[in-house]
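Okay, so here's the structure we're looking at.
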Amino acid sequence: GSKEEAGALNWHVQGRVEEGELGVALTGLSLEMAAPYLQQTVQARVGGQLVGQAGVAWRGSNLFAQVGDMRLDGVRLETGRDQRWLGWQRLQVHGATVDVAQRKVVINAVDLVQPQVRLERDAKGQWMYESWLAPTNKAVPAHAAPARTAPVAASAPWALQLNKLGVQGGAVELRDQ
């Protein structure tokens with residue numbers, strides 16, 4: 001394959017424990033850097049470049065995130081059989097805010113250029129992604145007690161507001177045996 005240039009991550013932090021902000025600027029950051037982490041759960045390759053600016057701010061226990069312009073270029077998801085299952089030329093987010101206390105996400109605009117999606121289901125009814133899941137070595141003895149989980153507090157659901165969505169070109173392929 002072709003050798004991709006290393007990207008850059010620049011960041012700044014300002015503030016103190018009670019309030020502050022963290023800003024990041026990404027330039028040509030390769031998604032292939034995530035491969036070692038993804039391989040723990042998914043046996044597929046991912047590629048593409050991330051460019052953009054984002055920030056996180058906090059005031060007491062309130063946490064906010066903001067994205068300026070962020071884009072993912074040349075994204076592809078492929079399996080060992082060199083089959084591309086998902087990809088696009090460009091996915092661009094034009095401004096987004098996340099208010100964790102209000103459980104609200106507002107995205108000004110998303111543009112998706114030349115998306116390609118390929119779906120397959122075999123004769124046994126299994127979808128293609130089921131074979132991508134990494135095997136787990138966590139054998140649970142039959143006599144093991146179920147894990148206890150803390151009760152989930154009742155809370156408002158997250159709200160998502162997308163003001164504009166643009167899709168240019170693209171294709172979807174479905175193969176159902």
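Everything numeric in this text was worked out from a predicted model, so none of it was measured.
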- Item | Summary of side-chain hydrogen bond (donor to acceptor under 3.5 Å, both in side chains) pairs that have at least one residue in residues 34-44, sequence neighbours excluded | none
- Would you find more than 12 non-hydrogen atoms of other residues, nucleotides or ligands less than 6.0 Å from Trp158 atom CH2? yes
- For Leu26, check side chain to side chain contact (heavy atoms under 4.5 Å, CB included) against everything at least two apart and list the hits. Leu9, Leu29, Leu50, Met70
- Message: Looking at every non-hydrogen atom in both residues, tell me the closest pair between Leu77 and Ala44 and how far apart they are.
- Response: CD1-CB, 3.7 Å
- salt bridge (Lys or Arg N to Asp or Glu O under 4.0 Å) involving Glu130 - partner list, sequence neighbours excluded: none
Which pairs of donor and acceptor atoms, one on a side chain in residues 103-119, lie under 3.5 Å apart (sequence neighbours left out)?
| unit_1 | atom_1 | unit_2 | atom_2 | d |
| --- | --- | --- | --- | --- |
| Arg103 | NE | Ala156 | O | 2.6 |
| Asp111 | OD2 | His94 | NE2 | 2.8 |
| Arg118 | NH2 | Glu120 | OE2 | 2.7 |

- Report the C-alpha separation of Ser30 and Gln49 in whole Å, then their side-chain angles, then the decisive distance to 0.1 Å, and conclude whether the side-chain contact (heavy atoms from CB on, under 4.5 Å) test is met. CA-CA 5 Å; Ser30 174; Gln49 297 281 320; 3.9 Å; yes
Acceptor/donor pairs from residues 161-177 side chains to any protein atom, 3.5 angstrom cut, sequence neighbours excluded:
| unit_1 | atom_1 | unit_2 | atom_2 | d |
| --- | --- | --- | --- | --- |
| Gln161 | NE2 | Asn163 | OD1 | 2.8 |
| Asp176 | OD1 | Arg121 | NE | 3.0 |
| Asp176 | OD1 | Arg121 | NH2 | 3.3 |
| Asp176 | OD2 | Arg121 | NH2 | 2.7 |

- Item | Connected via hydrophobic side-chain network under 4.5 Å: Leu72 and Val51 | no
- Note on the structure: Those residues at least two apart in sequence (or on a different chain) that pass side chain to side chain contact (heavy atoms under 4.5 Å, CB included) with Ala101 are Asn62, Asp99
- Query: Quick one: side chain to side chain contact (heavy atoms under 4.5 Å, CB included) partners of Val17, sequence neighbours excluded?
  - Reply: none
- Message: Do Phe64 and Val56 sit in one hydrophobic cluster, given that two such residues count as connected whenever their side-chain heavy atoms are within less than 4.5 Å of each other, even indirectly?
- Response: no
- Item | Pairwise side-chain contact, Asn10 with Val24, heavy-atom cut-off 4.5 Å (strictly under) | no
- Task: Walk me through it: do Thr79 and Trp85 pass the test side chain to side chain donor-acceptor pair (under 3.5 Å)?
- Result: CA-CA 8 Å; Thr79 61; Trp85 298 98; 3.3 Å; yes
- Task: Kindly compute the distance separating CD (Glu78) from CZ (Arg84), expressed to the nearest 0.5 Å.
- Result: 5.0 Å
- Name all pairs fulfilling the salt bridge (Lys or Arg N to Asp or Glu O under 4.0 Å) condition that reach into residues 10-22, sequence neighbours left out, sorted by first residue then second. Arg16-Glu18, Arg16-Glu19
- Item | Residue pairs involving residues 61-71 (criterion salt bridge (Lys or Arg N to Asp or Glu O under 4.0 Å); sequence neighbours excluded) | Arg71-Asp73
- Message: If you apply the rule side-chain contact (heavy atoms from CB on, under 4.5 Å), what do you find for Leu38 with Val46, and how did you get there?
- Response: CA-CA 9 Å; Leu38 290 174; Val46 65; 3.3 Å; yes
- Query: Shortest non-hydrogen contact from Pro36 to Glu32?
  - Reply: CD-O, 4.3 Å
- Query: Does the Trp58 side chain pair with the main chain of Leu22, one donor and one acceptor, at a distance under 3.5 Å?
  - Reply: no
